[in-house]
Each structure stands twice: as structure tokens, then as C-alpha cells.
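Encoded as C-alpha cells, the structure appears first; notes follow it.
Order of listing sets the numbers, starting from 1, for every ligand and every atom in it. All residue numbers refer to positions in the sequence shown, counting from 1.
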Amino acid sequence: DVEQKSFAITGMTCASCVQTVEKATRKMDGVIESNVNLATEKLTIQYDPTVVSVSDITQAVSNAGYEAHEDL
Ligand code: 9UX
């Protein structure tokens, strides 16, 4: 299964923040692709919902030092 969701990320101010959030999420099992747009402060992620959950993703972003809120 593949699902795509986007998240509003708070706390990112430079391109290194983008790399940190992308790296933290791309290394997760079940994450297929992860891209952050600094200008819009959005994370877009493709993932397998049978392997990884939305709360796993927001937790990983939180552990990396930022806050993620699922776009509804
Ligand atoms: Mo840039 Mo982001 O100097 O937390 S890495 S602001």
C-alpha cells in the first residue's frame, strides 16, 4: 500500500533544517519518499500505512526537533 500525506512543519528556518527532517523520515521503515518545502513549510511523504503510522511520522519529526501537524 502507498499513501501520501502532507504535514505543516514548524521550527524550520534554514536549508539544514530541511535536510534534517528529510533524513529523519526517509530512514524510517515504510517511508518511500519524503520531501520538505522550506518556503511553504510543508512535508510531503509517501509511505506504506501497513508499516508506519502518521503518529510514527510526527514522532520522528518531533525527535528531530521540529513539530509536525497533519494537514486535514
Ligand atoms: Mo539552520 Mo535549522 O542554522 O534548526 S539547521 S535553523
> Nearest heavy-atom pair of A68 and T58: which atoms, and what distance?
Replying inline: O-CG2, 3.8 Å

Atom pairs, nitrogen or oxygen, ligand 1 to protein, under 3.5 angstrom:
| residue | atom | partner | partner atom | Å |
| --- | --- | --- | --- | --- |
| ligand 1 | 4 (O) | Y66 | OH | 2.8 |

> Who are the side chain to side chain donor-acceptor pair (under 3.5 Å) partners of D29, not counting sequence neighbours?
Replying inline: none

> With no hydrogens and no angle check, do the side chains of N37 and E41 hold a donor and an acceptor under 3.5 Å apart?
Replying inline: no

> By side chain to side chain donor-acceptor pair (under 3.5 Å), which residues pair with N35, not counting sequence neighbours?
Replying inline: R26

Report, one line per pair, each donor and acceptor closer than 3.5 Å where one atom sits in a side chain of residues 4-15; sequence neighbours left out.
| residue | atom | partner | partner atom | Å |
| --- | --- | --- | --- | --- |
| Q4 | OE1 | Q46 | NE2 | 2.4 |
| K5 | NZ | E70 | OE2 | 3.1 |
| S6 | OG | D71 | OD2 | 2.8 |

> How far apart are the closest heavy atoms of A24 and A64, and which atoms are they?
Replying inline: CB-CB, 4.0 Å

